[in-house]
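A quick write-up on the structure given underneath.
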Protein chains: 2
Amino acid sequence: MNISDAATQTGLPAKTIRYYEDIRLVTPTRNTNGYRVFGETELHKLTFLARARALGFSIEDCRTLLALYEDQSRASADVKRIARTHLDEIEAKIADLIAMRDTLSHLVQACAGDDRPDCPILKGIEATSVRKD
Amino acid sequence: MNISDAATQTGLPAKTIRYYEDIRLVTPTRNTNGYRVFGETELHKLTFLARARALGFSIEDCRTLLALYEDQSRASADVKRIARTHLDEIEAKIADLIAMRDTLSHLVQACAGDDRPDCPILKGIEATSVRKD
DNA sequence: TCTTGACCTTCCAGTCACTGGAACCTCTAT
DNA sequence: ATAGAGGTTCCAGTGACTGGAAGGTCAAGA
């Protein structure tokens, strides 16, 4: 299977797959013509990577998770610790964004949005800081 | 006022302030010794930037907002449009993160997290895609 | 006066995870 | 034979800083 088929199968851009080989996340073999060949194993790994990335795991987390995925004698505690940490980071980001949204949506609502210069949004940026509970 | 005082006043790292000068967001004057001098105007601008950045506006949005902030004959509609667009992006990010969180927290809950290899998280990454409502 | 240490300066490189583009090679169909 | 769709490598750029090296400047104390 060539790279563009692998891209279609996994939903990853071909560029990204090449990048993943570059940083040694996958190791496709090569044809006599130099083209990458993706077998079932590499395709599985790419799919795993695509989904782990969609869950927001960093590349380095993905590398570790992939190693655990392939290690039949892993401890699930190792996986859970990584996932738990990542989950906490996601929660923190959500909280940050909600604080931003709340501040900003108040300001947007207060702004007439006409051709006059008076603007509660600019005043708000001048005066307010983002509240984190 | 020297850069470290400006940093303290605004809460921005000195490095960041230098960077903001580099990309022409602020234009402090210079002392005879070459040190940057921050007057009231530049300090105001830095404070405005720090707060706009805390609300998640991009640097380019900040540049535009700053120009509007300084323009006494602005139309508040211009400000509102930028803020509204940004607000939509924040909402989208929140939705993405909540989808990730929901998927991931289910997987974490299902995982025993002991020394056995059986792991619903890895299985979940293998099988599940992130649901966006 | 000299020295110490805390400032300040510039410039270069690195971060993260790709992405775009140039220049070139290979395969398939007409 | 040629056109077009694939493939390859390599280099540079993204956003918004951040770290670090190498060196200039200043105020206080011995």
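A note on names: the letters A, B, ... follow the listed sequences, proteins ahead of strands, and every chain is numbered from 1.
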Quiz item: Who are the side chain to side chain contact (heavy atoms under 4.5 Å, CB included) partners of B:Lys80, not counting sequence neighbours?
Solution: A:Val108, A:Cys111, A:Ile121

Quiz item: Would you say B:Met100 and B:Leu97 make side-chain contact, with heavy atoms under 4.5 Å?
Solution: yes

Would you tabulate the pairs of protein nitrogen or oxygen atoms and nucleotide nitrogen or oxygen atoms of nucleotides 26-29 of chain C closer than 3.5 angstrom?
{"residue": "C:dC27", "atom": "OP1", "partner": "A:Asn33", "partner atom": "ND2", "Å": "3.2"}

Quiz item: What's the CZ-P distance between B:Arg30 and C:dC8, to the nearest Å?
Solution: 12 Å

Quiz item: So where does chain A start and stop touching DNA chain D, 5' to 3', when the test is distance under 4.0 Å to a non-hydrogen atom?
Solution: D:dG6 to D:dC10

Self-check item: Length of the CD1-P vector between B:Ile3 and C:dC8, whole Å
Solution: 7 Å

Practice problem: With sequence neighbours excluded, tell me which residues meet salt bridge (charged side-chain N to carboxylate O under 4.0 Å, His left out) with B:Arg53. | Solution: none

Practice problem: Could you check how far CG of A:Leu46 sits from P of C:dA17, rounded to whole Å? | Solution: 16 Å

Exercise. Quickly work out the A:Glu89 CD to C:dC16 P distance and round it to whole Å.
Key: 13 Å

Exercise. State whether A:Asp78 and A:Arg74 are salt-bridged, where the test is any N-O pair (Lys NZ or Arg NE/NH1/NH2 against Asp/Glu carboxylate O) under 4.0 Å.
Key: no

Quiz item: Which parts of residues 9-25 of chain A get close to DNA chain C, meaning a heavy atom less than 4.0 angstrom away?
Solution: A:Pro13, A:Lys15, A:Thr16, A:Tyr19, A:Tyr20

Exercise. Output yes when at least one side-chain N/O atom of A:Ser58 is less than 4.0 Å from OP1 or OP2 of C:dC16, else no.
Key: no

Self-check item: All side chain to side chain donor-acceptor pair (under 3.5 Å) counterparts of B:Ser76, not counting sequence neighbours
Solution: A:Asp114

Quiz item: Looking at residues at least two apart in the chain, or sitting in another chain, which of them share a side chain to side chain donor-acceptor pair (under 3.5 Å) with A:Asp118?
Solution: A:Lys123

Self-check item: Bend angle of the helix from C:dT1-D:dA30 to C:dT30-D:dA1, from helix axes over five pairs at each end, nearest 10°
Solution: 30°

Quiz item: Passes side chain to side chain contact (heavy atoms under 4.5 Å, CB included), B:Ile90 versus A:Ile98? Steps please.
Solution: CA-CA 8 Å; B:Ile90 290 176; A:Ile98 285 178; over 6 Å; no

Quiz item: Do A:Asp96 and A:Lys93 sit within salt-bridge range, that is, some charged N less than 4.0 Å from a carboxylate O?
Solution: no

Self-check item: Worked verdict on A:Arg101 versus B:Glu91 for salt bridge (Lys or Arg N to Asp or Glu O under 4.0 Å)
Solution: CA-CA 7 Å; A:Arg101 182 193 60 188; B:Glu91 299 279 15; 3.4 Å; yes

Quiz prompt | All side chain to side chain contact (heavy atoms under 4.5 Å, CB included) counterparts of B:Arg36, not counting sequence neighbours | solution = B:Ile3, B:Arg18, B:Glu21, B:Pro28, B:Arg30, B:Phe38

Quiz item: What residues form a side chain to side chain donor-acceptor pair (under 3.5 Å) with B:Glu60, not counting sequence neighbours?
Solution: B:Arg63

Donor-acceptor pairs under 3.5 angstrom involving side-chain atoms of residues 6-13 of chain B: please list them, not counting sequence neighbours.
{"residue": "B:Thr8", "atom": "OG1", "partner": "B:Ser4", "partner atom": "O", "Å": "2.8"}
{"residue": "B:Thr10", "atom": "OG1", "partner": "B:Ala6", "partner atom": "O", "Å": "2.8"}
{"residue": "B:Thr10", "atom": "OG1", "partner": "B:Leu12", "partner atom": "N", "Å": "3.2"}

Self-check item: ring pair (Phe, Tyr, Trp, His ring centres under 6.0 Å) partners of residues 45-65 of chain B, not counting sequence neighbours, each pair once
Solution: B:Phe48-B:Tyr69, B:Phe57-B:His86

